[in-house]
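Here is the structure we will look at.
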Amino acid sequence: MLKLKENKEGGIMLSVTIKYNGNKYNYPKGTSLLDISKDFQSEFKEKIIVGMVDGTICDLSHNIFNNSEVVFYDRTSSIGNKVYESGLLFILSIAFKEVLKSKIIVKYSLDTGIFIKTEKLISSDDLEIIKNKVKEICEANYPIDKLLINRKE
């Protein structure tokens with residue numbers, strides 16, 4: 001149910017109701033999951049990295065325009081850890097491409113590790129350069145935007 005509220009300037013603002021952990025909260029229509037997550041961050045051991053809106057995983061830049069049920073995940077959850085792992089693999093892939101002009105192929109996960117294959121043989125010196133490149137990319141804190149594109153595009 002959309003609610004009308006008066007904002008500070010006396011104009012009317014639409015709001016949406018968010019259901020989180022069995023409780024209902026009102027936010028301005030179009031509020032991002034990131035902004036909403038800040039209200040619940042203290043409930044988590046680590047930083048919230050992803051949300052679920054009405055059963056669909058959404059990144060934190062997702063804006064809420066309808067009444068929704070929301071769940072948040074940090075890295076300590078299996079869903080949050082999988083998202084975190086995917087982000088790290090993306091960054092590692094960029095580092096390999098930039099440093100060695102090579103791709104990586106993710107084969108499978110082993111417990112808390114991931115087995116990858118490279119197109120080229122790499123030395124311990126290469127590993128150090130890649131490690132530094134990954135660190136540089138992470139420190140730059142670039143946003144990662146997920147694009148969904150159909151096959152024809």
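Keep in mind that what you see is a predicted model, and the values were worked out from it rather than measured.
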_side chain to side chain contact (heavy atoms under 4.5 Å, CB included) evaluation trace for Phe96 with Ile122_ = CA-CA 10 Å; Phe96 262 83; Ile122 55 175; 4.1 Å; yes
*Measure across Val50 and Cys58 and return the closest heavy-atom pair with its distance rounded to 0.1 Å.*
CG2-O, 3.3 Å
_Quick one about Asn63 and Ser32 (side-chain donor to acceptor, distance below 3.5 Å, no hydrogens or angles considered), yes or no?_
no
*Are Val134 and Ile116 linked, directly or through other ILVMFWY residues, by side chains that come within less than 4.5 angstrom of each other?*
yes
*How many angstroms lie between atom CG of Leu92 and atom CD1 of Ile104, to the nearest 0.5 angstrom?*
4.0 Å
*Give the minimum heavy-atom separation between Asp74 and Lys45, together with the two atoms involved.*
OD2-N, 3.4 Å
*To the nearest 0.5 Å, what is the distance between NE2 (His62) and OG1 (Thr31)?*
11.5 Å
*Roughly how far, to the nearest 0.5 Å, is the OG atom of Ser93 from the CD1 atom of Ile91?*
10.5 Å
*Atom of Tyr73, atom of Met52 and distance for their closest heavy-atom approach*: OH-CE, 3.6 Å
*Between Asp54 and Asn66, is a side chain to side chain contact (heavy atoms under 4.5 Å, CB included) present by the stated rule, with each step listed?*
CA-CA 10 Å; Asp54 296 327; Asn66 299 305; over 6 Å; no
*Any side-chain heavy-atom pair from Ile129 and Lys133 closer than 4.5 angstrom?*
no
*So do Val16 and Ser68 actually touch side chain to side chain, heavy atoms under 4.5 Å?*
no
*Only pairs at least two apart or in different chains count here, so list each salt bridge (Lys or Arg N to Asp or Glu O under 4.0 Å) that has a residue in residues 116-128.*
none
*Please answer: with hydrophobic residues joined when any side-chain heavy atoms are less than 4.5 Å apart, are Leu100 and Phe90 in the same cluster?*
yes
*At their closest point, which heavy atom of Gly80 faces which heavy atom of Ile49, and how far apart are they?*
O-CD1, 3.0 Å
*Could you give the distance from CD1 (Ile79) to CD1 (Ile57), rounded to the nearest 0.5 Å?*
4.5 Å
*Closest approach of Arg75 and Asn81, non-hydrogen atoms and distance?*
O-CB, 3.5 Å
*asked:* So, taking the atom named CD in Glu136 and the one named NZ in Lys131, what distance separates them when rounded to the nearest 0.5 Å?
replied: 14.5 Å
_Would the distance check show the side chain of Ser86 and the main-chain N or O of Lys82 forming a donor-acceptor pair, the cut-off being under 3.5 Å?_
yes
*Separation between OG1 of Thr76 and OH of Tyr84, rounded to the nearest 0.5 Å*: 12.5 Å
*Assess the side chains of Tyr20 and Asp39: does a donor N or O sit below 3.5 Å from an acceptor N or O?*
no
*Taking ring pair (Phe, Tyr, Trp, His ring centres under 6.0 Å) as the test, write out the residues that go with Phe115, two or more places apart.*
Tyr108
*Assess whether atom CG of Leu127 is packed by more than 12 heavy atoms of other residues, nucleotides or ligands within 6.0 Å.*
yes
*Compare every heavy atom of Leu33 with every heavy atom of Asp59, then report the nearest pair and how far apart it is.*
O-CD1, 3.6 Å
_Taking side-chain contact (heavy atoms from CB on, under 4.5 Å) as the criterion, tell me which of Ile48, Leu60, Ile18 meets it with Ile36._
Ile18
*Do Leu88 and Ile130 share a hydrophobic cluster (ILVMFWY, side-chain heavy atoms under 4.5 Å, transitive)?*
no
*asked:* Are Ile94 and Tyr142 linked, directly or through intermediate hydrophobic residues, by side-chain heavy-atom contacts shorter than 4.5 Å (ILVMFWY only)?
replied: yes
